[in-house]
Asker: 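Quick one: the structure is below, questions incoming.
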2 protein chains.
Amino acid sequence: MDGRDTDIGSRLRRLREARGISLSALARSAGIGKATLSGLELGTRNPTLETLYSVAGALGVPLTALVLEPGAPPAEAVRVPGAAVTATLLEVFEEPTATFELLRMHVRPGVVQHSPPHAPGVTEHVTVYAGVLRAGPVDAPLVAGPGEHISWQADVPHIYSTVGPDEVLATLLIRSPRPA
Amino acid sequence: MDGRDTDIGSRLRRLREARGISLSALARSAGIGKATLSGLELGTRNPTLETLYSVAGALGVPLTALVLEPGAPPAEAVRVPGAAVTATLLEVFEEPTATFELLRMHVRPGVVQHSPPHAPGVTEHVTVYAGVLRAGPVDAPLVAGPGEHISWQADVPHIYSTVGPDEVLATLLIRSPRPA
DNA sequence: ATGGTTCGTTCCGTAAACGGAACGACCGGG
DNA sequence: CCCGGTCGTTCCGTTTACGGAACGAACCAT
């Protein structure tokens, strides 16, 4: 019953420590008591919605960042039946010279996904979060582990697959130059 | 102060009535009191996280469906007073070994943003969409143009600034290793 | 009419989330 | 050594969210 609260507690503590601010300081800027924040991070409290809004606001994150459910399926998932890759479009940027699509990408192990060539000049940029990804042109694929970033020209046939048994989680950025 | 609660209340009532179930029935299946649910829908209560989980579960919706405004503007921008950088959190990834925060970042020209060091091991990864960005450790900043990607260790003081008169648009990925 | 059912709200005692204060631990500076 | 400061936790009185019960209203069948 308190498992979820503990989840939120540890997630909250990591978010706070990632910013390098103290518990006292965060409590102060959030306008809540240190006891409240401490108990929240330790999972010994069942926070009120108002409290959650306060800390989320002080951290500068949306409330959903604190209450993210691990098992919740992403609503916008684009799933090609039987394919290795599932992608969720995060945002699209329309720039004068190009269009950018930022996606979150899952790659299931054991399958090699072939992708047809895109329009000329299109490049793909992947930042790997988890697992090891092998991706790129079919004749010259690249490999990237957690935290690494790879790019390639996508106007030729290219592939996505995992290296090893683990699922790959990454962000995929597709840059499509605007036809002049 | 209760504006947000009212928001959740009316959204909850809509979700319930869309399913054609009564307040009493939902309270029963959620295992909470009718008084609690009534007050929640009317916006006269400040619900506990546990209560929200119960209701969301009984409705068969993720918790974010109650908390997130579907048509809400991306009003999560984090603005440091008088600073050059405005960032919007796109997503948070919780991995066994690290936490990733993916942000969309704007950098205004003409100002140099100084950022204090983060926790040890934190790295930042930027993919530039538009403009030219100069960022990284204060003593060794990196430069990236559109489509380019740079990374650096963020556990030392670092800066963000533009090169040239144009605003910079980029994605910022912050990787915070989980303390072992 | 009348009894039985369910509706959503309000009342109320209890459990617990809240903030302030005190605590020991830790850290430079004098 | 001994401060003054900050750290995160714990203690404690106050506030309040909780569920059970009671309420009036609406509805239906007899």
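Residue numbers start from 1 in every chain, and the chains themselves are labelled A, B, ... in the order their sequence lines are given, proteins ahead of strands.
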Asker: Determine the minimum heavy-atom distance between A170(A) and V128(A), stating which atoms define it.
Answerer: CB-CA, 3.8 Å

Asker: Rounded to the nearest angstrom, tell me the gap between atom CG in L49(B) and atom C1' in dA16(C).
Answerer: 15 Å

Asker: Where is the tightest heavy-atom contact between P47(B) and L52(B), given as atom of each residue plus distance?
Answerer: CG-CD2, 4.0 Å

Asker: Respond yes when some side-chain nitrogen or oxygen of S24(A) is under 4.0 Å from OP1 or OP2 of dT6(D), and no when none is.
Answerer: no

Asker: Taking only side-chain N and O atoms of R45(A), does any of them lie within less than 4.0 angstrom of OP1 or OP2 on dA15(C)?
Answerer: no

Asker: Please report, rounded to the nearest Å, how far the P atom of dA17(C) is from the CG atom of L42(A).
Answerer: 14 Å

Asker: Over how many whole Å does the gap from L23(A) atom CG to dG19(C) atom P extend?
Answerer: 12 Å

Asker: What is the distance, to the nearest angstrom, from the CD atom on E50(B) to the P atom on dC18(D)?
Answerer: 9 Å

Asker: Using OP1 and OP2 only, check whether a side-chain N or O of S22(B) sits under 4.0 Å from dC7(C).
Answerer: yes

Asker: Could you give the CD1-to-P distance, from I32(A) to dA17(C), as a whole number of Å?
Answerer: 14 Å

Asker: Rounded to whole Å, please give me the gap between CG in L37(A) and P in dT6(D).
Answerer: 17 Å

Asker: Looking only at the side chain of T51(A) (C-beta and beyond, no hydrogens), which of the listed nucleotides dG8(D), dC18(D), dC18(C) gets closest?
Answerer: dC18(C)

Asker: Donor-acceptor check, side chain of S54(B) to backbone of E50(B), threshold 3.5 angstrom: yes or no?
Answerer: yes

Asker: Of the nucleotides dC18(D), dT9(D), dT9(C), which one has an atom closest to the side chain of K34(B)?
Answerer: dT9(C)

Asker: Looking at R28(B), I'd like to know whether one of its side-chain N or O atoms comes within less than 4.0 Å of OP1 or OP2 on dG19(D).
Answerer: no

Asker: N46(A) CG to dA17(D) C1': how many Å, rounded?
Answerer: 10 Å

Asker: Please say yes or no: joined through hydrophobic side-chain contacts below 4.5 Å, possibly via intermediate residues, are L173(A) and I159(A) part of one cluster?
Answerer: no

Asker: Atom CG of L26(B) to atom C1' of dC7(C): distance rounded to whole Å?
Answerer: 14 Å

Asker: Of A35(B) and A25(B), whose closest DNA chain C nucleotide lies nearer the 5' terminus?
Answerer: A25(B)

Asker: Could you tell me how the ring of W152(B) sits relative to the ring of H158(B): parallel (under 30°), tilted (30 to 60°) or perpendicular (over 60°)?
Answerer: tilted

Asker: Does T48(B) have a side-chain nitrogen or oxygen under 4.0 Å from the phosphate oxygens OP1 or OP2 of dA17(D)?
Answerer: no

Asker: So does T36(A) get a side-chain nitrogen or oxygen closer than 4.0 Å to the phosphate oxygens (OP1/OP2) of dG19(C)?
Answerer: yes

